[in-house]
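Letters A, B, ... mirror the listed sequences (proteins, then strands); counts begin at 1.
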Amino acid sequence: MSIQKPKGTQDLLPGEVEKWQYLENKARDLCQRFNYKEIRTPIFESTELFSRGVGETTDIVEKEMYTFMDKGDRSISLRPEGTAGVVRAYVENKLYGVPDVTKLYYVGPMFRYEQPQAGRYRQFHQFGIEAFGSVDPSMDAEVIALGYTFYKEIGLKDVTVEINSVGTPSVRTVYREKLQEFFAPVKDKLCKDCQSRYDRNPMRILDCKIDQKYGEGAPEILDYLDEECSTHFAQVKEHLSAMEIPYRVNPRLVRGLDYYTHTAFEYKAAGIGAIDTIGGGGRYNGLVEQIGGHGTDQPGVGLGLGLERILLVLQAQGVEIPKPEPLDVYLIGLGAAAEKEVTKLLQQLRIQGLKAEKDYQGRKMKAQMKSADRLQAKYVAILGDDELARGEITLKQMETGSQVTVSLVDLGSNAAKTLFE
RNA sequence: GCGGUCGUGGCGAAGUGGUUAACGCACUGGUCUGUGGCUCCAGCACUCGCGGGUUCAAGUCCCGUCGAUCGCCCCA
């Protein structure tokens, strides 16, 4: 084996890539209906964007980024998630100056240096949206609804939506102390990961699989929300209900990125081994100002969905993805003169919008027929010297096996009519 | 970063230290001198991820390494 692809990456070959195109087309169509516009930002950004945006102490920034110095001594990182770059572009292009909300979407690769496993790659792909300029709870609900609708429309079954409110930074400070108080007596009994979480992020102890028993009866953040937070959360839920989006409140839901405020949510589905999260997001009211500085302050809410994970769950659920259209015509030319005529005809058919192919390996007729069969061609058009002399071509309908001869000129000038009538 | 399992032709998959590396699919050709999907026949790996070691002898044992996979952490 000579050179292999880097660990945790994939080659998407024909046969597989059609599934990706299908998902991407669905995403684009959906975004158009929800009035989200596409944005394409760089795959690499200043490292500082992510440390400032995603959060210095998150796992993503601490140990999962692909960071390197470029030739100009700038610290660069491959984007580990989509929001930071979109926020940067929003600020840099002064989109906060427009009167309406700004609704954006993106589809593209993200990079995290992690140990690969089922549904986890070092280069993976996300479809995400971001909505700036609204604190309205209906905005949160719309974002959640868009993700849910996407799953529905591609045929995913049994997707659950979990939501929570993580409040504001000041709410979290208070709650964090309460949690530490609660866990203090059993701190020594917690697993070693949780002992470090105790100081860094005690909320994470709550969803630890090992220490569940110590988490029983722990204070819940929803009980510590202030007036504004709980009102917002209640209204988000009302809007979700109005849209008939089923959801489950999970007061222990915590996300791995520091920028979330108020609403946080995840989509879950079984089928990828140990992993069940197929997408997530939330509101991030302080993030734009944090990245853009004074005068840029705008609220935001967004989501990111993992395409690899969606594909895995689709496969696990046996959901069929529509296959691309088969070949309309396979052209066979026998003899030098006929082959030249076939080249001409092929171009004419393709220009008319038909999906047409021929042999390029000088193979015998039988081999070409097999090839046409493999390509699932609807018709095979056979041109030999005798047909050529008469200005005709033999058309064989592969499914029925029936043949007719038609005029070369007719096929070349109006193929669709000649073939399908 | 840590642990389990695995790594044989384009794909799937036998091979439990010893002669020419099964088999299935796919592919190519013939059976059918201008016609596919069926049948039958023939062909198709100086070589078993890579490197080193043990042995008279290794795809088979040992070590290392790379990768895949599953899991821990965390997440998409």
Side-chain angles (χ1 to χ4, degrees), chain A residues 1-10 13 15 54 57-65 79-83 107-128 147 191-194 196-197 200-201 204 207-210 253-257 266-269 272-281 303-313 327 330-335 338 359 361 363-388 393-403:
Chain A
M1 193 56 74
S2 45
I3 299 176
Q4 298 174 293
K5 63 184 180 298
K7 184 169 179 164
T9 63
Q10 288 178 291
L13 306 175
V54 177
T57 61
T58 57
D59 278 8
I60 293 178
V61 169
E62 262 182 359
K63 53 183 199 190
E64 296 172 2
M65 282 213 294
R79 61 183 188 194
E81 56 96 53
T83 303
V107 182
M110 308 293 163
F111 306 84
R112 292 186 201 169
Y113 191 88
E114 290 188 274
Q115 218 48 253
Q117 70 178 68
R120 186 156 78 206
Y121 301 90
R122 290 185 172 183
Q123 174 173 341
F124 61 101
H125 298 78
Q126 280 190 339
F127 158 43
C191 70
K192 68 174 192 298
D193 289 319
C194 283
S196 75
R197 286 180 192 136
R200 291 176 46 208
N201 194 347
R204 289 219 165 278
D207 61 6
C208 173
K209 286 159 193 151
I210 304 166
L253 177 67
V254 189
R255 308 224 69 235
L257 300 94
E266 283 186 0
Y267 303 98
K268 298 190 172 182
I272 329 178
I275 289 167
D276 60 359
T277 302
I278 55 174
L303 61 72
L305 312 182
L307 297 184
E308 283 81 358
R309 291 187 180 180
I310 289 172
L311 253 7
L312 282 171
V313 176
L327 211 57
Y330 188 96
L331 295 172
I332 298 178
L334 305 164
D359 168 78
Q361 295 173 111
R363 292 189 293 186
K364 293 184 178 174
M365 176 158 187
K366 187 181 169 72
Q368 294 193 43
M369 286 300 295
K370 287 189 77 166
S371 182
D373 193 45
R374 271 196 298 273
L375 294 167
Q376 296 180 296
K378 295 184 192 121
Y379 290 92
V380 169
I382 303 159
L383 187 65
D385 290 334
D386 44 345
E387 283 109 335
L388 187 55
I393 187 163
T394 300
L395 262 185
K396 174 165 183 164
Q397 187 177 17
M398 291 299 271
E399 199 179 335
T400 62
S402 63
Q403 298 192 174

Could you state the [atom1]-[atom2] distance from [X] to [N], rounded to the nearest angstrom?
X	N	atom1	atom2	value
A:Asp276	B:rA76	CG	P	12 Å
A:Glu399	B:rU35	CD	C1'	17 Å
A:Lys7	B:rC50	NZ	P	19 Å

Is a side-chain donor or acceptor of [X] paired with a backbone partner of [Y] at a separation under 3.5 angstrom?
X	Y	answer
A:Arg122	A:Pro116	no
A:Glu308	A:His125	yes
A:Gln361	A:Arg363	no
A:Arg79	A:Pro109	yes

Output the single nucleotide from [options] whose closest atom is nearest the side chain of [X].
X	options	answer
A:Lys396	B:rC73, B:rG1, B:rG36	B:rG36
A:Met365	B:rC2, B:rA68, B:rU35	B:rU35
A:Arg255	B:rA76, B:rG71, B:rG36	B:rA76

### Query
Between A:Arg374 and B:rU28, is there a side-chain N or O to OP1/OP2 distance below 4.0 Å?
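So the side-chain polar atoms of A:Arg374 do come within 4.0 Å of the phosphate oxygens OP1 or OP2 of B:rU28, strictly under.
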
### Message
When you measure from the side-chain N and O atoms of A:Lys364 to the phosphate of B:rG30, is any distance below 4.0 Å, counting only OP1 and OP2?
### Response
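For A:Lys364, the contact criterion (side-chain N or O under 4.0 Å from OP1 or OP2 of B:rG30) is met.
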
### Query
Hey, which of these two, A:Gln403 or A:Tyr267, hits RNA chain B nearer its 5' end, going by closest nucleotide?
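Result of the comparison: A:Gln403.
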
### Message
What's A:Gly273 touching, base or sugar-phosphate or nothing? Going by heavy atoms closer than 4.0 Å.
### Response
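Result for A:Gly273 = sugar-phosphate.
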
### Message
Using a heavy-atom cut-off of 4.0 Å across all strands, would you classify A:Glu81 as base, sugar-phosphate, or nothing?
### Response
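A:Glu81: no heavy atom of the nucleic acid under 4.0 Å.
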
### Summary
For RNA chain B, the dot-bracket notation using Watson-Crick and G-U wobble pairs below 3.5 Å, [ ] for pseudoknot-type crossings and | for other-strand pairs, is ((((((((.[[[..)..(....]]].((((.........)))).....[[[[[..)....]]]]])))))))....

